Structures are given as C-alpha cells and as structure tokens.
Trainee: 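Have a look at this one.
Here is how names work: the chains are called A, B, and so on, in the same order as the sequence lines, proteins then strands, and each is numbered from 1. Basis for what follows: all heavy atoms, side chains included, without hydrogens, waters or symmetry-related copies. Everything numeric here is computed off the predicted structure, so don't read it as measured data.
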Protein chains: 2
Amino acid sequence: MTDKKESILSAALELFAHEGYNATSTSQIAKKAAVSEGLIFRHFKNKKGLLAALMEDAEARISKIFAPVIFESSPKNVIRKVILLPFSIDQSEYDFWRLQFILKWQQEYNNPLKMKPLIDKLAWAFSELGYEEPEEEARLLNQLIDAISTGILREGLESQLPFKAFLLKKYSV
Amino acid sequence: MTDKKESILSAALELFAHEGYNATSTSQIAKKAAVSEGLIFRHFKNKKGLLAALMEDAEARISKIFAPVIFESSPKNVIRKVILLPFSIDQSEYDFWRLQFILKWQQEYNNPLKMKPLIDKLAWAFSELGYEEPEEEARLLNQLIDAISTGILREGLESQLPFKAFLLKKYSV
DNA sequence: GTATTATTAGTGAGCACTCACTAACTATGT
DNA sequence: ACATAGTTAGTGAGTGCTCACTAATAATAC
C-alpha cells in the first residue's frame, strides 16, 4: 500500500466519520489527503469503493477486539471484559468507530450478526453464573455496551465513565 | 397550514428518515409531494429550513410523550412507564423517530439535555425505592431505553420484545 | 522499457436555489 | 354590489455551481 493510498483512506475516514458519507465530496478528500482527485478513483474505482475499503478493515478490527473475550474461560472475566470494551478504545480509533455506528443506520451496512459471537459468549457466561435468563441478560448487556459506546463517541469518554465502576459492581465482576 | 405545505413536510420526513438528509434532493421531495420544487423554498426558505421545520415538531412531541412519566407520582410506575415507552411508539411515528436518532450523530442537532427531565424523574424514583446510586441507575436505564429504541427502529419491534417483560421483571415493576 | 503511480484538465449530470409569472383569494373604497 | 388593489400560494424553466467520475498525459520505480 502506497503512502498516498493510505493518506486517502485516513482522510476519507476522518471526513466520513464527522461529516457523513454523502456530505463529503471526493474533492474534499483529495484536498485533505494532499493528493490529486483522480488518484482516488485509480485506487478505489469509485466513492463507494473507497467506503468499502474502509469497511473491510472493520471486520478484522472487530474480530481483534472481540478475541480476548471469546477466548476467556472465566465467566466473570467474560462479563468484565465486555463491560470494559468501550472504555478501552483508543482515541485514535474514535473516527473508525464513529463511522461504524453512523453506518449502522444505513441498511446496506447494518449487520447485527457481527455481534453474534460476543452475545453467545456472554450468554454462556451468564448461564454459568446461574442467571435465570442468560440469553436476555446477554442481549441486554450487549445493548448497553452499544449505548455506552454511542455515548462515548458522542459526548466523550468522561460522560460515560461513571458507568464503568457502576456496571462492574452491578454484575459483581 | 395548506395541504401542499403538509405534503412537503411528510415527503421530506419520509425521505430524510430513510435516505438521510444529504442524500435527499429537493427535487425528490417535490416529486414525492407532487408539488413544484419552487414551493419548497417559498414555504421553508431553504433545504435546512425544511429540516428545521421538521425538528420543531420534535420538541412538542417529545414533551407529550414524557408528560405521563413526569407527572407520575408512584416511583414504580415511573420506572414501569419509562420501560414501556419505546414499545408504545406507533408505527406511523417510526420515520419521525428514525430522523431524530440519525440526527443525533450530527452535533448541530444532538442535544443530550432533551432527556434531562426524564432522567431526573427516574433518579427520584430510584432514590425513593432505596437504590444505592439512583443517579447512575437512572442514566443507565435511560441508555438502555435509548438502545432498545434504536433496536426497534433498526430491527423491528419484535426483535426487542423479549426485553419488555425481562426489564419489567428485573426492576420488579 | 515498461508497469505502476500519479497529475491535470476536463465531462455531463444533478444540485440547491431564483426568478418571472399566474391564479385564487381577501380587503377596501364607492 | 362591484371594481380596484394587495396578498398569498403555486409553477416550472433557468441559474451557477459542485458533484462523481474519466481520459490523456506525465513522473517514478524496477
């Protein structure tokens, strides 16, 4: 991958995440990336292709983040690690996650199945811990994590910080 | 308000909610509303003004929905009513709420203070019921309601239905 | 010397918005 | 009662501009 290609990707990510896909023009991207506009189309064919390239990273990144939870063998640690997930995201990755969350509102990119492995693992953990309805507990916590992540991205990490200790205590993990 | 003006508003709401604001052109709106394109600008000055008109309704609608909770005097009923909120939204209002949730990602329209009265009332209810950290509990439940509403709008009412009974039971309301 | 990477200079389509105008209605003067 | 004057609602072709995208050409690398 050439420097300029990467530069296009990072400029596009930043603009898509903050202005939105449709509100961002290819000329803006080229300008921010300090690159000719034509180069975008050489590397990514079209604007949609550029977005698709950004989304390809998503799969890998999400798997990487989920891995420590999936391979955790202690039920309590599973829940603990899930609760800590949104608080462990590095600020340099906010744009990436912002884009993910914005695109969830566009059918084309909304795929709830992405979360399946995590929810299954959570359900297993709750089941192990003797919760009455582990499936519901798992999906509930997942929704909560989603909501807290949204809160962090929209209102900053500090705004959600109280939930960290609170949830760990609530679930006794 | 004339028929055509209302027709413009409802066409714009539908398109903005499903395609997004930037992805919707004024000509599309005019076509869907069966109205000349110029009329949009006579009534709303510009495209932003049309969106602003749609958002003006929001304040009123949100207050109306919150009222039964705010004026509830029984703590348990406050919590119960809040949990039931997202499940009581009529399908004819989905577009309206979709637009609200999409716009939350645009700083300009993201105003967390809208929820303040509801959270305060919830905190009062949790406090009355002897919860240890009523403030956190209130904000947590609020986040959950937000997440469930999101789930309903994105994946349908049925997908979130299990949470209804589950939450009512969990909070013993 | 020939791929590959890049720039430059376009292109037509579609965008938000304007403008000159008409039609229908309302208020006023006699 | 009726002409006159003024206002509001509505039209649709036209505006300049920006859009995503392309083709020809240049620079660079191996």
Side-chain angles (χ1 to χ4, degrees), chain A residues 1-58 95-96 98-100 102-103 105-109, chain B residues 1-58 95-96 98-100 102-103 105-109:
Chain A
M1 174 118 55
T2 62
D3 285 0
K4 302 222 172 188
K5 192 175 175 184
E6 276 187 284
S7 171
I8 290 168
L9 280 169
S10 88
L13 175 59
E14 197 178 326
L15 288 167
F16 287 167
H18 285 97
E19 315 296 326
Y21 173 77
N22 281 296
T24 302
S25 69
T26 49
S27 72
Q28 269 180 278
I29 297 167
K31 204 173 170 184
K32 174 151 239 161
V35 138
S36 68
E37 198 178 345
L39 192 60
I40 293 172
F41 298 94
R42 215 204 124 60
H43 282 308
F44 303 103
K45 192 180 176 197
N46 52 35
K47 195 184 169 187
K48 269 204 161 179
L50 174 53
L51 178 60
L54 287 171
M55 296 302 287
E56 259 182 50
D57 291 355
D95 283 352
F96 171 83
R98 257 189 91 87
L99 185 57
Q100 294 299 314
I102 290 174
L103 288 178
W105 286 102
Q106 252 139 311
Q107 286 138 318
E108 219 171 331
Y109 296 97
Chain B
M1 175 116 56
T2 61
D3 285 359
K4 300 221 171 190
K5 191 174 176 186
E6 276 187 284
S7 172
I8 290 169
L9 281 168
S10 88
L13 175 60
E14 197 177 327
L15 288 167
F16 287 166
H18 286 97
E19 315 297 326
Y21 173 77
N22 281 296
T24 301
S25 69
T26 48
S27 74
Q28 269 180 277
I29 297 167
K31 205 173 169 184
K32 175 153 238 160
V35 140
S36 69
E37 201 176 345
L39 192 59
I40 293 172
F41 298 95
R42 168 161 301 278
H43 282 309
F44 304 102
K45 192 177 178 199
N46 53 34
K47 196 183 168 186
K48 267 203 163 181
L50 174 52
L51 179 59
L54 287 172
M55 296 302 287
E56 259 182 49
D57 290 354
D95 283 351
F96 172 83
R98 260 189 91 87
L99 185 57
Q100 294 299 313
I102 290 174
L103 288 178
W105 286 101
Q106 252 140 312
Q107 285 140 316
E108 220 172 330
Y109 296 97

Trainee: What is the distance, rounded to the nearest whole Å, between atom NZ of A/Lys48 and atom C1' of D/dC19?
Mentor: 16 Å
Trainee: Would you check if A/Ile8 and A/Arg42 make a side-chain contact, meaning some heavy-atom pair closer than 4.5 Å?
Mentor: no
Trainee: Taking NZ from B/Lys45 and C1' from C/dT18, how many angstroms apart are they, rounded to a whole number?
Mentor: 13 Å
Trainee: Which heavy-atom pair separates B/Ala53 from B/Leu9 by the least distance, and what is that distance?
Mentor: CB-CD2, 4.0 Å
Trainee: Any side-chain to backbone donor/acceptor pair from B/Tyr21 onto B/Leu99? Under 3.5 Å, distance only.
Mentor: no
Trainee: Do side-chain atoms of A/Arg98 reach the backbone of B/Trp105 as a donor and acceptor pair under 3.5 angstrom?
Mentor: yes
Trainee: Round to the nearest Å and state the distance from B/Gln28 atom CD to C/dC17 atom P.
Mentor: 15 Å
Trainee: Once you round it to whole Å, what is the distance between P of D/dA9 and CD1 of B/Ile8?
Mentor: 11 Å
Trainee: Answer yes or no: is there a side-chain heavy-atom contact under 4.5 Å between A/Ile29 and A/Leu50?
Mentor: yes
Trainee: Do B/Thr26 and B/Glu37 get their side chains close enough for a donor-acceptor pair, meaning under 3.5 Å?
Mentor: yes
Trainee: For every nucleotide of nucleotides 24-30 of chain D, 5' to 3': is a protein heavy atom under 4.0 Å from its base (B), only from its sugar-phosphate (S), or from neither (-)?
Mentor: -------
Trainee: Could you tell me how far apart B/Lys47 (NZ) and C/dC15 (C1') are, to the nearest whole angstrom?
Mentor: 9 Å
Trainee: Can you tell me if A/His43 uses its side chain to pair, donor with acceptor, with the backbone of A/Leu39 under 3.5 Å?
Mentor: no
Trainee: Consider the side chain of B/Ser27, meaning its heavy atoms from C-beta on, and name the nucleotide among C/dC17, D/dC19, C/dC15 that approaches it most closely.
Mentor: C/dC15
Trainee: Do any N or O atoms from the side chain of B/Lys4 and from the backbone of B/Ser36 form a donor-acceptor pair under 3.5 angstrom?
Mentor: no
Trainee: Taking only the side-chain nitrogens and oxygens of B/Thr26, find out if one of them lies under 4.0 Å from OP1 or OP2 of C/dA16.
Mentor: yes
Trainee: Side chains of A/Asn22 and A/Gln106: closer than 4.5 Å at any heavy-atom pair?
Mentor: yes
Trainee: Distance check needed: D/dT22 P versus A/Phe41 CZ, whole Å only.
Mentor: 8 Å
Trainee: In the 5'-to-3' direction, what one-character label does each nucleotide of nucleotides 3-11 of chain C receive under the scheme B = base within less than 4.0 Å of a protein heavy atom, S = sugar-phosphate only, - = no such atom?
Mentor: --BBBB---
